[in-house]
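Here is the structure we will look at.
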Amino acid sequence: MNNFKERFKNKVYAFLFWQTSFGEYLNKMYDLSLFFKYSFKLSKTNSKQNKVASLTKNYHIVEKGLALPHTRTEFGQQKIIKLIQDATLFIEEYGNESLILAIKNCLSEYYEFNKRSGVNLDTDYFRTIAIFISTEFSEEKIGGTKTITKEEIANATNFDFENFIKARSSIRDFDISELDVEKVEKAIDLARFTPSVCNRQSWKAHLFTKKKDVLKVLAFQNGHGGFKEVIQGVIVVTTDIRMFTKLETNQVFVDGGLFAMNVINALHFYGIGTCPLNTCMPFVDEKKLKRTAKIEESERVIMMIAIGSIKEVFKVAISKRRDLNQILINH
Ligand SMILES: Cc1cc2nc3c(=O)[nH]c(=O)nc-3n(C[C@H](O)[C@H](O)[C@H](O)COP(=O)(O)O)c2cc1C
């Protein structure tokens, strides 16, 4: 009976998602329902991730303010008071995590900046900041600003980037030599330096390298026909909705896409072959994939990346590019 019910349900889903446009509405409803369930608001930070995201967003406002060409003295008073209140509650619950130390570093720079600028610090506002930053402090500077030079950037970019970018292709024919998982981990480590909205870094890279797990995950993907057997690993890139707030439903995918691209380029740098894999699927399949791959409900699946060792000689699709004048619109 259950089997019959399951088959009937699958038939209805197949009809809705593949024969009608109704599936698009259902996918958007799933998108919204998860977003309302897990995202945070100023007045609603339920999970620890919500709190981390909200604190990161708010202290990053101070960091950004300190990095402007003409920083205003005493800027952001209300936001900073709220930041200290929220951070104090966070410390009571979770202790002085590195996030808190970064906030203290950042507010210390803010305090010193105002001091140097001749602002009167003998006020309730600055006393509150002074008390907050006086306890447990990171000697290593992990919050606030850093000074860099044009020369440093020039030195770091003095390599053949054009060749690097153009030498990457989606690979669908991997080698049989063992996958260097350490290099994969190093690539994901590098991809942490991807920019993200208010520095919230909502990404996750779920790495599968055991054959049976790779196949289990790939069973939810529809674009690996003909090369499933040679795929040595799969990365499922996700973002955690708990790190997002109002008007950011799209940001979930923007941040995830940027991260995925950097993972791909970092893997390319470490000599690991990649093929991006779409996760265009009905929401019911995304739910099943998350259950199978032990991905939390609060995460959205952005895409998969098939990975493998690179052969000595092999073919890739040319994937001809459109002309620049079809893409660059000079206004
Ligand atoms: C989000 C995304 C999903 C993709 N999905 C698939 C896929 O399911 N199967 C596949 O073989 N290639 C897939 N590709 C690879 C594209 O076909 C490829 O990136 C494009 O043709 C450009 O070629 P290149 O990557 O070799 O430069 C995907 C690419 C992206 C960015």
Side-chain angles (χ1 to χ4, degrees), residues 17-18 23-24 27-28 30-31 160-175 179 184 187-188 190-191 194-196 202-208 213-239 249-286 288-290 292-293 295 299-324 326-328:
F17 284 105
W18 305 114
E24 301 294 344
N27 267 6
K28 286 289 175 206
Y30 174 67
D31 183 65
D160 195 346
F161 186 67
E162 182 181 342
N163 200 24
F164 173 79
I165 288 291
K166 289 184 177 171
R168 184 209 56 81
S169 289
S170 294
I171 297 177
R172 300 173 181 89
D173 180 13
F174 296 111
D175 196 22
L179 178 72
V184 176
I188 293 166
L190 251 192
T194 303
S196 63
S202 62
W203 337 283
K204 296 241 180 325
H206 297 269
L207 173 63
F208 301 90
D213 295 339
V214 169
L215 293 177
K216 254 196 223 168
V217 170
L218 284 178
F220 291 89
Q221 208 277 332
N222 62 16
H224 57 273
F227 65 109
K228 175 165 83 179
E229 287 309 321
V230 295
I231 296 174
Q232 295 180 311
V234 175
I235 301 170
V236 182
V237 175
T238 69
T239 48
T249 47
N250 290 352
Q251 203 64 44
V252 171
F253 298 94
V254 173
D255 278 18
L258 289 171
F259 175 71
M261 187 65 246
N262 262 351
V263 170
I264 290 171
N265 272 339
L267 286 163
H268 175 47
F269 173 72
Y270 283 114
I272 305 286
T274 61
C275 184
L277 297 176
N278 78 81
T279 46
C280 313
M281 58 180 78
F283 79 92
V284 282
D285 288 352
E286 179 171 332
K288 279 189 214 153
L289 164 62
K290 289 198 277 200
T292 305
I295 294 171
E299 292 172 47
R300 288 311 306 275
V301 176
I302 307 301
M303 61 188 284
M304 298 185 191
I305 304 170
I307 52 177
S309 307
I310 299 180
K311 276 185 166 178
E312 291 298 329
V313 185
F314 57 102
K315 281 199 273 193
V316 293
I318 291 176
S319 294
K320 181 185 165 334
R321 273 16 191 205
R322 294 163 69 211
D323 292 340
L324 179 63
Q326 292 177 286
I327 291 168
L328 170 64

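Atoms within each ligand, like the ligands themselves, are counted from 1 in listed order. What you see is a predicted model; the values in this text were computed from it and never measured. Scope of the values below: all heavy atoms of this structure, side chains included, with no hydrogens, waters or symmetry mates.
- Counting only residues at least two apart or in different chains, side chain to side chain donor-acceptor pair (under 3.5 Å) contacts with residues 222-236 comprise Gln221-His224, Asn222-Asn278, Gln232-Ser309.
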Write out each pair where an N or O from ligand 1 and one from the protein are under 3.5 Å apart, with the distance.
from, atom 1, to, atom 2, distance (Å)
ligand 1, 5 (N), Pro276, O, 3.3
ligand 1, 5 (N), Asn278, N, 2.9
ligand 1, 8 (O), Gln221, NE2, 2.9
ligand 1, 8 (O), Asn278, N, 3.3
ligand 1, 8 (O), Asn278, ND2, 2.8
ligand 1, 9 (N), Gly223, O, 2.7
ligand 1, 11 (O), Arg172, NE, 2.8
ligand 1, 11 (O), Arg172, NH2, 3.3
ligand 1, 11 (O), Gly223, O, 3.4
ligand 1, 12 (N), Arg172, NH2, 3.1
ligand 1, 14 (N), Pro276, O, 3.2
ligand 1, 17 (O), Arg172, NH2, 3.3
ligand 1, 19 (O), Ser170, OG, 3.4
ligand 1, 21 (O), Ser319, OG, 3.0
ligand 1, 23 (O), Ser319, OG, 3.1
ligand 1, 25 (O), Arg168, NH1, 3.0
ligand 1, 25 (O), Arg168, NH2, 3.3
ligand 1, 25 (O), Ser170, N, 3.4
ligand 1, 25 (O), Ser170, OG, 2.5
ligand 1, 26 (O), Ser170, N, 2.8
ligand 1, 27 (O), Arg168, NH2, 2.9
ligand 1, 27 (O), Arg321, NH1, 3.2
ligand 1, 27 (O), Arg321, NH2, 2.9

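- Lys28 and Glu24 are not joined by a salt bridge, as no carboxylate oxygen comes within less than 4.0 angstrom of a charged side-chain nitrogen.
- For Ala317, the side chain to side chain contact (heavy atoms under 4.5 Å, CB included) partners are Arg172, Ser319, not counting sequence neighbours.
- In terms of the ring-ring contact (aromatic ring centres under 6.0 Å, His included) criterion, Phe174 has no residue partners (sequence neighbours excluded).
- Using bins of under 30°, 30° to 60° and over 60° for the plane-to-plane angle, the ring pair Phe164/His268 lands in the tilted bin.
- A salt bridge between Lys315 and Asp173 is absent, with no side-chain N of the basic residue lying under 4.0 Å from a carboxylate O of the acidic one.
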